[in-house]
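Presented below is the structure to which this report refers.
Order of the sequence lines sets the chain letters (A, B, ...), proteins ahead of strands, with each chain counted from 1.
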There are 2 protein chains.
Amino acid sequence: MKDNFLNYNNYVSVDCVVLGYNEVENKLQVLLIKQKGPAPNTAELFKPQYAIPGDLIKEDESLDEAAARILEDLVNVKGLFLEQFYTFGHPDRVKDPKDADWLSTRRKDPLARVITVAYLALVRIDQINPSAGYFAEQIAWRSIKKIPKLAFDHNTIVAKALDIIQAHPEQHLVGRELLPNKFTLSQLQNLYEVIQNKELDKRNFRKSIKNNEYLITLNEKQKGVLHKPAQYYAFKKLKK
Amino acid sequence: MKDNFLNYNNYVSVDCVVLGYNEVENKLQVLLIKQKGPAPNTAELFKPQYAIPGDLIKEDESLDEAAARILEDLVNVKGLFLEQFYTFGHPDRVKDPKDADWLSTRRKDPLARVITVAYLALVRIDQINPSAGYFAEQIAWRSIKKIPKLAFDHNTIVAKALDIIQAHPEQHLVGRELLPNKFTLSQLQNLYEVIQNKELDKRNFRKSIKNNEYLITLNEKQKGVLHKPAQYYAFKKLKK
DNA sequence: ACAAAAGTGTTTTAGATACACCCATGC
DNA sequence: GCATGGGTGTATCTAAAACACTTTTGT
């Protein structure tokens, strides 16, 4: 039982898989940061890697608050869909030699394990303004189909996030975050197709979503398009 | 960024919601422990509470290994269904005065936050042999419908575990853990009814499970029962 | 022969799938 | 008038739900 008096030296972090939807190209992308060197303009001493944004938790904040803080610092947007999905804590997850360099500049004990609680965030790429700065030298959006090698076990974390969003049955929750306030049924269908990674039949799609009824028909149509203008829709407010 | 050199003092624990199925009474129960006093036979100085089994993680073990260790120490069974489901880390989750007493005997810093990674385990009550000992003064099974007030935020943790098992669509995974190697369709139906907390129609139930096909028909029947003997079935092996 | 649980089919309903043409607009 | 994406209906199949009686055994 004495053991309990020791086991105290755990770093705990929150990492965010930020998925952004690019409506124009109809792609899902992940927000990556390029790790910062130990001090400004010393980046050349370093081999910076791409990583997902994350940070150690602060003493007085909950995990949800930490995730919101990281997201806010990075993308300058509040109140988005944000959900904890898994915790990664293998003792070796920060022991890869490729990561030693970065850790040595950031940790009192660079060899100590880091347990990380992973969150999934959904954002509209066109609506946010990610800023390199506190967290990163640079930020970059990368298609979920072409994710580079990432720091630590971040590839595993991203893969798990993608599994989860694809398994998620209540996709209108996802739609709420990734579409503008008013949108056409084609926009909605495109989004669902990207998430599910398959094509959907237009008529069947419209039938099924009109049954499930989380949509309201606005009384506004597209203007200035060179084809039949589409009806705009919006999501019903969620009760509770 | 200096903050990172501080945030080191986190206790990390793993807590296990052990759900046991009692086939005879057809009930789902949760395994609870009664907290141990600071030393043998000093329990009377204490107000021991019920809690779910958990422990701080050790330096060299993964979260999954910690969960398996806790479960093994407690119920003397290996290799059961065991799944991480959520991490609880609110700064106040161990700050309730009711818990101060226990913490003061177990922690170098009794006020430090404890982040706990929660696991769900499924066991057949008749197959295991939980032992009071290392973890607990006593152990107790309690029906999921009558769970007492527990230490820390353990009521919240148990509630979340129950949500998850009920939402879980692949219930045959659950069945594998909670039924004997050979079983009748009525046994399977009883289990599903308890988990879903509703009655199922016998004919429809049999139709649906025979479609989904994860069962094999054994060539053995019940013996010595005072009614028509039932056919035995088994689960197909899962391929990886 | 009776008590007890096992076992079995049909009908109805709702949702999923497959599939092809006309419509409104800008240029 | 033509190019562009928007919008619509029907037929078929599959899955879910509702519902009642006969069978096999032990005593």
- [ ] For A:Gln187 and for B:Lys223, find the nucleotide of DNA chain D with the closest heavy atom, then tell me which residue's nucleotide is more 5'.
- [x] A:Gln187
Has the side chain of [X] got a donor or acceptor atom sitting under 3.5 Å from an opposite partner on the base of [N]?
X: B:Arg203; N: D:dA20; value: yes
X: B:Asn211; N: D:dA15; value: no
X: A:Lys207; N: D:dT8; value: no

Figure out the [atom1]/[atom2] separation between [X] and [N], and round it to whole Å.
X: A:Leu215; N: D:dG7; atom1: CG; atom2: C1'; answer: 16 Å
X: A:Lys221; N: D:dG7; atom1: NZ; atom2: C1'; answer: 10 Å
X: A:Gln222; N: C:dG26; atom1: CD; atom2: C1'; answer: 13 Å
X: B:Leu226; N: D:dT23; atom1: CG; atom2: C1'; answer: 15 Å
X: B:Phe205; N: D:dA15; atom1: CZ; atom2: C1'; answer: 16 Å
X: B:Lys228; N: D:dT25; atom1: NZ; atom2: P; answer: 8 Å
X: B:Phe183; N: C:dA6; atom1: CZ; atom2: P; answer: 14 Å
X: A:Glu199; N: C:dA16; atom1: CD; atom2: C1'; answer: 18 Å

Task: Pair A:Tyr21-A:Asn26, side-chain donor/acceptor within less than 3.5 Å - done: yes
Task: Any donor-acceptor N or O pair under 3.5 Å, side chains A:Glu23, A:Gln187 - done: yes
Task: Residue pair B:Glu177, B:Arg124: steps toward the salt bridge (charged side-chain N to carboxylate O under 4.0 Å, His left out) verdict - done: CA-CA 7 Å; B:Glu177 304 302 330; B:Arg124 288 170 48 201; over 6 Å; no
- [ ] Describe the nucleic acid contact of B:Ser186 in one word from base, sugar-phosphate, nothing, applying a heavy-atom distance below 4.0 Å.
- [x]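 Since only primed, P, OP1 and OP2 atoms lie under 4.0 Å of B:Ser186, the category is sugar-phosphate.
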Open item on the list: Base, sugar-phosphate or nothing for A:Asp201? Non-hydrogen atoms, less than 4.0 Å.
Closed with: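 Base contact.
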Open item on the list: Taking the minimum atom-to-atom distance to the side chain of B:Ala230, which one of D:dT8, C:dG7, D:dG5 wins?
Closed with: C:dG7
Open item on the list: So if I take every side-chain heavy atom of A:Gln231 and compare against D:dG7, C:dA16, D:dG6, which nucleotide ends up nearest?
Closed with: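 Selected nucleotide (nearest to the side chain): D:dG7.
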- [ ] Hey, could you give me the NZ/CD distance between A:Lys27 and A:Glu25, rounded to the nearest 0.5 Å?
- [x] 4.5 Å
Task: Interatomic spacing from NZ in A:Lys228 to CD in A:Gln231 - rounded to 0.5 Å - done: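 Output value for this atom pair is 10.5 Å.
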